Every structure is written in C-alpha cells, then in structure tokens.
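Please read the structure below before turning to the comments.
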Amino acid sequence: MSSLEISSSCFNQEMKLPLSLPLVEGSTFEPPGKDMNEVEEKSKDIIKFTSEKLSVDEVSQLVISPLCGAISLFVGTTRNNFEGKKVISLEYEAYLPMAENEIRKICSDMRQKWPVRHIAVFHRLGLVPVTEASVIIAVSSAHRAASLEAVSYAIDALKARVPIWKKEMYEESSSSWKRNKECFWATSD
C-alpha cells in the first residue's frame, strides 16, 4: 500500500498515512454539509463566438456540475483536404445577432427534449488553421444518454439553422465558400 508522509511540527514526529483508506464493510462516508440532492444549481447556457483559438478544456470546465455524471463533447476541427484539394485553413463568418439567437433556441430545444444541466457552444470566427477547433459543444447531464443525444442534436441543429458561413482556403491559392448542405435555406441541386 502506498503511503504519504506527513510531518507534524506540533508533535515533532512523523506519521505515515495510506493514500486510500481501507474499506470497512457496512461503513459509509458522508461529507459534512448539505445532501447533494439539496444542492441548487442554476442551469447555464454559455454561447461564445471568438476569433481566438478554442480550448476543449476551457469549454468542458464550464459545464461541470456535482449533480452530473456525464459531460459529452463535440469538437469540429479543420481537416487538411476536401474533394482532392489540400485545405490550409477555413474562414468563418457569422451574422452574430441571429446566430446567437438561434443557438439560444437550440439550447431551449435541448432542454425540452433531454434532462441536461449545462450547455456550452463556442464557435470560432475568422481563420482556423488545419487541426484547430472550429466549434466545441459541451453538455452535462446526470447520465450519459441525455448528454450524448443532446450534443449530437446540437451540432446537427447548428449546421442546419445558424447563419455561419465557411470558406475553404486551398494550397493552390484558391478558395471556395461552402454551402452547408444541412441548412434549411439551401436549395437542392
């Protein structure tokens, strides 16, 4: 068993404590204070558009809750190719007032469909180099099924409803604005 040495200056002695206490059958550990069921925590919807590099750790930390046993993430990144062309970066633009409003509606829809606690949707604007995140969606819930289903719904709804435009920048100095196939206002070919 591993141990941790603690010096006690008050008693001028050293003692060793195990890193984990042995389990005694029938014993229970109850932390002091409120029962976890009594904890009140207001649900949060955090939406951010930024030209700065996105951090998966930062976004996932925003949805942590002691009431939740699951955090599900979707991270969309820039890949280096599209239809045989070498992609060097993507460029995103958005109509921010409408984009923020639509994401709020998506968050509301998610809360109606699943028992989720916190939702964070971060989207990058401007140039996004290959391998960097363009979008991060994080959802926390008591159990994994709700957060997994909700995060999948969120990215599909975002691509279909939110006015965000993507331009692919190719190695051969060309570029192309991409029509979002999922978008409701896109015309069929």
Side-chain angles (χ1 to χ4, degrees), residues 19-20 28-80 89-167 178 180-184:
L19 288 176
S20 59
T28 59
F29 172 73
E30 292 188 27
K34 287 188 171 185
D35 179 3
M36 286 310 288
N37 292 330
E38 294 176 24
V39 173
E40 289 200 25
E41 181 182 52
K42 189 174 188 230
S43 295
K44 298 182 287 190
D45 294 341
I46 305 129
I47 299 164
K48 182 176 181 180
F49 289 88
T50 182
S51 60
E52 295 178 19
K53 188 173 181 177
L54 299 179
S55 164
V56 172
D57 288 339
E58 175 190 348
V59 178
S60 64
Q61 288 291 318
L62 293 171
V63 300
I64 288 176
S65 167
L67 302 172
C68 295
I71 294 173
S72 296
L73 296 165
F74 173 81
V75 181
T77 60
T78 301
R79 65 177 172 268
N80 69 357
S89 66
L90 298 178
E91 183 179 350
Y92 287 93
E93 291 183 7
Y95 177 55
L96 288 177
M98 186 177 174
E100 290 172 0
N101 191 44
E102 282 302 314
I103 291 175
R104 288 195 196 292
K105 288 178 188 175
I106 291 167
C107 292
S108 177
D109 293 347
M110 291 164 63
R111 293 187 182 288
Q112 301 229 340
K113 295 173 185 285
W114 298 280
V116 297
R117 174 62 57 183
H118 302 306
I119 303 166
V121 180
F122 280 41
H123 204 295
R124 183 106 173 247
L125 298 175
L127 288 177
V128 183
V130 170
T131 73
E132 289 190 14
S134 300
V135 60
I136 302 174
I137 301 172
V139 178
S140 60
S141 62
H143 304 283
R144 72 179 177 271
S147 64
L148 286 168
E149 291 172 20
V151 81
S152 180
Y153 171 85
I155 188 59
D156 290 344
L158 184 145
K159 291 183 73 66
R161 296 169 34 190
V162 180
I164 298 172
W165 298 277
K166 174 175 75 175
K167 182 179 186 181
K178 304 311 290 184
N180 200 349
K181 295 175 200 157
E182 296 95 338
C183 198
F184 73 89

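Being a predicted model, the structure only gives us computed values, none of them experimental. Along the sequence shown, the residues carry numbers beginning at 1.
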Write down the atom of [X], the atom of [Y], and the distance for their closest heavy-atom approach.
{"X": "Thr50", "Y": "Lys48", "answer": "CB-CE, 4.0 Å"}
{"X": "Val128", "Y": "Ala133", "answer": "CG1-O, 3.7 Å"}
{"X": "Tyr95", "Y": "Trp165", "answer": "N-CZ3, 3.5 Å"}
{"X": "Cys68", "Y": "Ser141", "answer": "CB-O, 3.2 Å"}
{"X": "Phe74", "Y": "Val151", "answer": "N-CG2, 3.7 Å"}

[X] side chain to [Y] backbone, donor-acceptor under 3.5 Å:
{"X": "Ser140", "Y": "Val63", "answer": "yes"}
{"X": "Lys44", "Y": "Leu62", "answer": "yes"}
{"X": "Ser89", "Y": "Leu127", "answer": "no"}

Exercise. Can you tell me how far OH of Tyr92 sits from CD1 of Ile164, rounded to the nearest 0.5 angstrom?
Worked result: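 Here the rounded value is 8.5 Å.
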Check your understanding: Can you tell me how far the CG atom of Asp45 sits from the CZ atom of Arg111, to the nearest 0.5 Å?
Key ->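 Answer rounded to 0.5 Å: 4.0 Å.
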Evaluate Thr131 against Thr77 for side chain to side chain contact (heavy atoms under 4.5 Å, CB included), listing each step before the verdict.
CA-CA 6 Å; Thr131 73; Thr77 60; 5.8 Å; no
Quick one, Leu158 with His123, criterion side chain to side chain contact (heavy atoms under 4.5 Å, CB included). Give me CA distance, side-chain angles, the key distance, then yes/no. CA-CA 10 Å; Leu158 184 145; His123 204 295; 4.2 Å; yes
For the pair Leu96 and Leu125, evaluate side chain to side chain contact (heavy atoms under 4.5 Å, CB included) and give the outcome as yes or no after the intermediate values.
CA-CA 10 Å; Leu96 288 177; Leu125 298 175; 3.9 Å; yes
Between Val139 and the options Glu149, Arg117, Met110, the side-chain contact (heavy atoms from CB on, under 4.5 Å) test singles out Met110
TODO: Please test Val135 against Ile155 for side chain to side chain contact (heavy atoms under 4.5 Å, CB included), starting from the C-alpha separation and ending with a verdict.
DONE: CA-CA 9 Å; Val135 60; Ile155 188 59; 4.1 Å; yes
- Task: Apply salt bridge (charged side-chain N to carboxylate O under 4.0 Å, His left out) to Arg144 and list each qualifying residue two or more places apart in sequence or on a separate chain.
- Result: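 With neighbours one apart ignored, the set is empty.
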Quiz prompt | Residues forming a salt bridge (charged side-chain N to carboxylate O under 4.0 Å, His left out) with Glu102, sequence neighbours excluded | solution =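 So Glu102 forms a salt bridge (charged side-chain N to carboxylate O under 4.0 Å, His left out) with Lys105, Arg161.
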